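Before any comments, here is the structure.
Nothing here was measured: the structure is a model prediction, and the numbers come from that model. Computed over heavy atoms, backbone and side chain alike; hydrogens, waters and symmetry mates excluded. Counting from 1, the numbers follow the sequence of the chain as shown.
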Amino acid sequence: MKKLFVNIAVWTGVCLSVGSCHDLDLNPLSSGSTENWYSTTTEIQMAVNKMYNSTYWRPEGDNQTDWSDDAVYRESLTEFENATINSENWIVGLYWRTGFQMVSYANSVINKYQRALDKGANQAEVMSYVGEAKFFRGVAYGRLISRFGDVPYITEEVDVEAGLKVGRTDKNEILKHVYADLDSAIRLLPVSYAGNQRATKGAALAFKARIALYMGDYRVAAEAAKKVIDLGVYALEPSYRELFLQKTKTSKEFIFILPRSISMGIDILSSNTVKNRMVRNAGGWAATDPSWDLLAAYTCTDGLPIDESPLFDSHNPFKNRDPRCSETLVPFNEPFLGYIYSPSPADVEVLNVNTGKKEYNNDTRINKQYASFNGLAWKKGIDESWMDNGYTAENPQIVMRYADVLLMYAEAKIELGEIDQSVIDAMNTVRARAYGVDKANVSSYPAFTILPQKDMRKQLRMERRMELAGENLRFSDLMRWRLSEVVMNKKQYGMLYPATECLEKVVNAGHWFWPSTPDIDENGCADFTKLENTGLIQVLSQRRWDDRQYLWPIPAKEIQINGNMTQNKGY
């Protein structure tokens, strides 16, 4: 059994029958045991606190990309992008394992909290922690069914023998239990805490909306999102740029976040993560970069896609674009982290804005082979403070924020065919913040108006992409919209290479940055085929897709040890 500790049979068998495996981690005293644990409010709190660890909130994707068309890692492809994902994939195994670990922790609290009440613990306090446990269990199962479909559903203690025979429960049946858990959490949790950042009533409602939306249950999604709005406790941060910086520890826009702390060594962004995203002139590697697809996705300041707007200039792609474009990606020829950023092979030197002198440009491939392969770099959430503390950072992990809820509400209503002023108001609230203006001042930004469902769907999907880029949500959007089969079959593009060729054929010939404007399809996604045909851009790699990947495989170890565990189709 020691070799199989990562499997659900052990987590639901050993951890729940002979005592919780995690008690050894939670109990500060060597004499503690599960026979007397959960007997005080403090012990229950410690058990609940375990579920706030970022280990259990890892987004999809790996150390290279977010498994979507928003990011590239040089010319490399992940197993998911190659359509070769299988039951041995470590992300798949980790997602399954940590999901059921959270279920196990939550079950222990839910099934044993009565011990504390029997010993005179404060009922209001204890029940608030039970509400958190219900929240965590609902979220965990919501995430599991959205990735694996039918999974084992366990809420009670089972012995090892029974644990080895647990089969899969229909995902629609589990979804009912997810709603029930989140409804309990909504009843039990407070609207806010004084000084703490814990799960709240708003968080439970927001995750109910997200899970319902991902499962195509638009009525529940719309109702839950509207209740978040009606709470009246959340608002958008005035500055889109400031919201994501590591100095922003609290905001009325945050609904559920996981704090990080360099001084306390809590879940920091490591130097590898930081350097992968930072420009090279500032000491980074610029290895993980925004894709050309993402750059093309931002509308122009007239609200139109780049292939429809007369304002778009393929030779100056950041000009006249939605402001979030230049807040998410580093604009060309503007200062960033102490240097003017330019990936152009013509700029072998760039200005150091702190010294006023020109220096060797590490961000062009004509000088450095491994500078950004497509010329783009991330800006969102990054500032000079990322160079402090040995290139580590403590930006909070934003798991749920208010802008997402507004867009979820709008999407659910659009899919229901209930396109009214409330939908327009939600979308305009998000867009107006991007332009730094009041929503009511519709002449100062490209405000949304009521259109037919097909057009509203396209606008909503483009708005989500612009607003939430780099926040690890695009993967889930593509999966639930069934767009992975479209975008994950496309090529990834970058600048012509060798860089001397780019200098000669593109820059000196007047074709920099893009030789022409890519087409934008009905889903708001770019098509670079005609640019590729000019021979003036480089194919970095060819993504591949297999429809089986709409559901992930059940980890191989689960199939091997449990005769009642079946595999998803195609694996």
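For Lys505, the side chain to side chain contact (heavy atoms under 4.5 Å, CB included) partners are Leu496, Glu501, Leu536, not counting sequence neighbours. With sequence neighbours excluded, the residues that form a side chain to side chain donor-acceptor pair (under 3.5 Å) with Ser342 are Asp347. Shown here are the side chain to side chain contact (heavy atoms under 4.5 Å, CB included) partners of Glu223, two or more places apart in sequence or in another chain: Arg219. The side chain to side chain contact (heavy atoms under 4.5 Å, CB included) check on Ser484 picks up Leu478, Met479, Met488, Trp545, Tyr550, with sequence neighbours excluded. Taking the side chain to side chain contact (heavy atoms under 4.5 Å, CB included) definition, one finds that Arg143 meets it with Trp57, Tyr95, Val139, sequence neighbours left out. Applying the salt bridge (charged side-chain N to carboxylate O under 4.0 Å, His left out) criterion to Lys380, with sequence neighbours excluded, gives Glu471. Applying the side chain to side chain donor-acceptor pair (under 3.5 Å) rule to Ser541 yields the partners Gln492; only residues at least two apart in sequence or on another chain are considered.
Contact check for Gln453 versus Ile414: side-chain heavy atoms found under the 4.5 Å cut-off. A heavy-atom distance below 4.5 Å is not found between the side chains of His177 and Arg137. Annotation: side chain of Met456 is in contact with side chain of Met427 (closest heavy-atom distance under 4.5 Å).
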Going through the checks in order, is the side chain to side chain contact (heavy atoms under 4.5 Å, CB included) test met by Tyr402 and Leu406? CA-CA 6 Å; Tyr402 188 51; Leu406 291 171; 3.7 Å; yes

Stepwise side chain to side chain contact (heavy atoms under 4.5 Å, CB included) check, Trp386 with Asn395: CA-CA 10 Å; Trp386 273 37; Asn395 305 58; 3.0 Å; yes

Report the C-alpha separation of Lys208 and Asp183 in whole Å, then their side-chain angles, then the decisive distance to 0.1 Å, and conclude whether the salt bridge (Lys or Arg N to Asp or Glu O under 4.0 Å) test is met. CA-CA 8 Å; Lys208 184 178 181 181; Asp183 286 341; 2.7 Å; yes

Show, in sequence, the C-alpha distance, side-chain angles and deciding distance for Arg324 and Glu463, and conclude whether the salt bridge (Lys or Arg N to Asp or Glu O under 4.0 Å) test is met. CA-CA 10 Å; Arg324 288 166 293 192; Glu463 188 68 16; 2.8 Å; yes

Checking salt bridge (Lys or Arg N to Asp or Glu O under 4.0 Å) for the pair Glu237/Arg401: CA distance, chi angles, key distance, verdict? CA-CA 10 Å; Glu237 186 75 18; Arg401 62 185 179 93; over 6 Å; no

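Side-chain contact of Arg465 with Asn523: a donor-acceptor pair under 3.5 Å is absent, judged by distance alone. For Asn374 and Ser372, the side-chain atoms include at least one donor-acceptor pair closer than 3.5 Å. The closest side-chain donor-acceptor pair between Asp302 and Ser309 falls under 3.5 angstrom. Using modelled atom types and a 3.5 Å distance limit, the side chains of Asp217 and Tyr179 yield a donor-acceptor pair.
Within the cation-pi definition used here (under 6.0 Å to the ring centroid, within 45° of the axis), Arg365 qualifies as a partner of Phe373.
Of the inter-residue distances, the one linking Asp455 atom CG with Ile419 atom CD1 reads 9.0 Å to the nearest 0.5 angstrom. In this structure, CG on Leu376 lies 7.0 Å from CG on Asp289, to the nearest 0.5 angstrom.
Sorted by first and then second residue, the pairs that involve residues 519-541 and meet ring-ring contact (aromatic ring centres under 6.0 Å, His included), not counting sequence neighbours, are Trp292-Phe528, Tyr493-Phe528, Trp514-Phe528. Applying the side-chain hydrogen bond (donor to acceptor under 3.5 Å, both in side chains) rule to pairs touching residues 403-417 yields Arg210-Asp404, Asp404-Arg464, Tyr409-Ser422, Glu411-Arg480, Glu411-Trp481, Lys413-Glu418, Glu415-Arg457, sequence neighbours excluded. For residues 326-337, the pairs satisfying salt bridge (Lys or Arg N to Asp or Glu O under 4.0 Å) are Glu327-Lys379, with sequence neighbours left out. Screening residues 293-329 for ring-ring contact (aromatic ring centres under 6.0 Å, His included) gives Phe318-Phe332 as the qualifying pairs, with residues at least two apart or on separate chains. Applying the side-chain hydrogen bond (donor to acceptor under 3.5 Å, both in side chains) definition to pairs two or more places apart or across chains, those involving residues 439-452 are Asn441-Ser443, Asn441-Ser444.
Atom NZ of Lys227 has 12 or fewer neighbouring heavy atoms from other residues, nucleotides or ligands inside a 6.0 Å radius. Within 6.0 Å of atom NZ in Lys249, more than 12 heavy atoms from other residues, nucleotides or ligands are found, so the atom counts as buried in its surroundings. The number of heavy atoms from other shown groups lying within 6.0 Å of NZ (Lys569) does not exceed 12.
Partner of Phe136 under the ring-ring contact (aromatic ring centres under 6.0 Å, His included) criterion, chosen from Tyr56, Tyr52, Tyr141: Tyr52.
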